[in-house]
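Take a look at the structure set out below.
Note that ligands are numbered from 1 as they come in the structure, with each ligand's atoms numbered from 1 the same way.
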Amino acid sequence: MLPAPDTDAIDEAAALLVGAQHAVALTGAGISKESGIPTFRGKDGLWTVRGEPPLNQFQEFHRDPKAWWVRRLEQRANPDEFALSLSASEPNDAHYALAELESIGVLRHVITQNVDNLHRRAGQQSITEIHGNMRWMRCTDCHTRWPEDKVDVNLEDLPPRCPEPGCSGIVKGDGVMFGEPIPPDALERCYAEAAMADVFLLVGTSAVVYPAAMFPQLAHQRGASLIEIDPEPTALSELARVALRGPAGEMLPLLLRAVRERIERR
Ligand code: APR
């Protein structure tokens, strides 16, 4: 049985959000846990169970992009348990609550480390997918991105080439591989958001992976208030002004309700 939510903490977090000029959220695998997708670390995390993937994934891709594409198409045809959990997943109440906080003008931008596409499906408009999106493709030369159904993959002519005029770079899945630099446009937007943020929500991330974990710290150094939503402490807990210790699918709807009540009382 989870402990009762800390209503004072929820109220303090709501006050910070309602009073914010530019609130930003950084989300991680924990926000999708209640959608049936495992996290990476922690006792039943994917990397805990399987071990981390090789750090030279990107170099391996460039060594033989055709072989990578053949493996990708085989995996799509025979998905493993993790891939099945991704394709079967639906947005949960936490994703919808963040989208709602954006639509009522309280949350300005979401930086997500997740590739599961659930924020977009929940209706989030202003979003940076810093590790890419599993349903998208990207050119490794010009960094143009497309939803995967917009890219013509010809099995007789792998790897697919960029259709942008004058490019013809190799196209890969949009997901950022280990060893791959974060696409420049995504990095640029994250720095810009961290420079404007006066409130930063940290939702479902252990905050141990960079550069993602750097952005709330940059904002904090400028005086931003961090609000952490996670059942467990994280690497950034000591910087948090408020911690909502519980599952995001429970905490974010409570936070949204408290925000709405404050706005109605204004
Ligand atoms: N609600 C909120 N948070 C939760 C929940 C939940 N229901 N369940 C677990 N958590 C928290 C865990 O306590 C942990 O702090 O989610 C966090 C998940 O941490 P990680 O598994 O490390 O995931 P994440 O921080 O997203 O990892 C970052 O690492 O390997 C890379 O590319 C991968 O994007 C990923 C990055």
Side-chain angles (χ1 to χ4, degrees), residues 1-3 5-6 9-10 13 25-58 82-83 85-86 89-98 110-119 122 127-134 136 138 172-183 186-187 190 200-217 226-240 242-256:
M1 180 63 185
L2 286 168
D6 177 343
I10 289 169
L26 171 68
T27 68
I31 198 171
S32 298
K33 183 81 178 288
E34 289 145 279
S35 296
I37 301 175
T39 56
F40 294 99
R41 297 166 185 86
K43 65 179 171 38
D44 54 358
L46 198 69
W47 300 158
T48 312
V49 172
R50 290 186 182 176
E52 297 230 352
L55 294 179
N56 65 343
Q57 269 182 341
F58 192 48
F82 179 61
S85 74
L86 281 172
S89 62
E90 296 291 334
N92 68 58
D93 291 345
H95 297 102
Y96 287 116
L98 282 187
V110 169
I111 300 170
T112 187
Q113 299 170 89
N114 301 339
V115 298
D116 56 32
N117 199 38
L118 294 183
H119 283 299
I127 183 167
T128 297
E129 294 159 312
I130 191 171
H131 294 161
N133 182 318
M134 57 180 264
W136 285 48
R138 179 163 33 92
K172 64 178 280 288
D174 185 46
V176 174
M177 299 175 181
F178 277 68
E180 180 178 5
I182 302 292
L187 263 188
C190 291
F200 225 112
L201 277 171
L202 294 169
V203 188
T205 180
S206 57
V208 296
V209 169
Y210 286 78
M214 173 179 61
F215 299 109
Q217 296 176 71
L226 301 192
I227 300 168
E228 184 174 77
I229 300 178
D230 196 310
E232 307 291 332
T234 76
L236 296 186
S237 292
E238 79 274 5
L239 301 183
V242 190
L244 307 186
R245 282 281 168 258
E250 183 188 323
M251 292 294 132
L252 272 168
L254 290 174
L255 180 55
L256 171 64

- Got a sec, which residues hit ring pair (Phe, Tyr, Trp, His ring centres under 6.0 Å) with Tyr96, two or more places apart in sequence or on another chain? none
- Quick one: CG on Leu26 to CD on Gln217, what's the gap to the nearest 0.5 Å? 10.5 Å
- Could you grab the distance from atom CG of Asn56 to atom CD of Glu180, nearest 0.5 Å is fine? 13.0 Å
- Might you list the protein residues in contact with ligand 1, defined as having a heavy atom under 4.0 Å from one of its atoms, sorted by chain and number? Gly28, Ala29, Gly30, Lys33, Glu34, Thr39, Phe40, Arg41, Trp47, Gln113, His131, Phe178, Gly204, Thr205, Ser206, Val209, Asp230, Pro231, Glu232, Pro247, Ala248
- Asp174 side chain to Asn133 main-chain N or O, any donor-acceptor pair under 3.5 Å? yes
- Message: Using the side chain to side chain contact (heavy atoms under 4.5 Å, CB included) definition, which of the options His119, Glu129, His95 pairs with Val110?
- Response: His119
- Between Trp47 and Phe40, how do the two ring planes meet: parallel, tilted or perpendicular, split at 30° and 60°? tilted
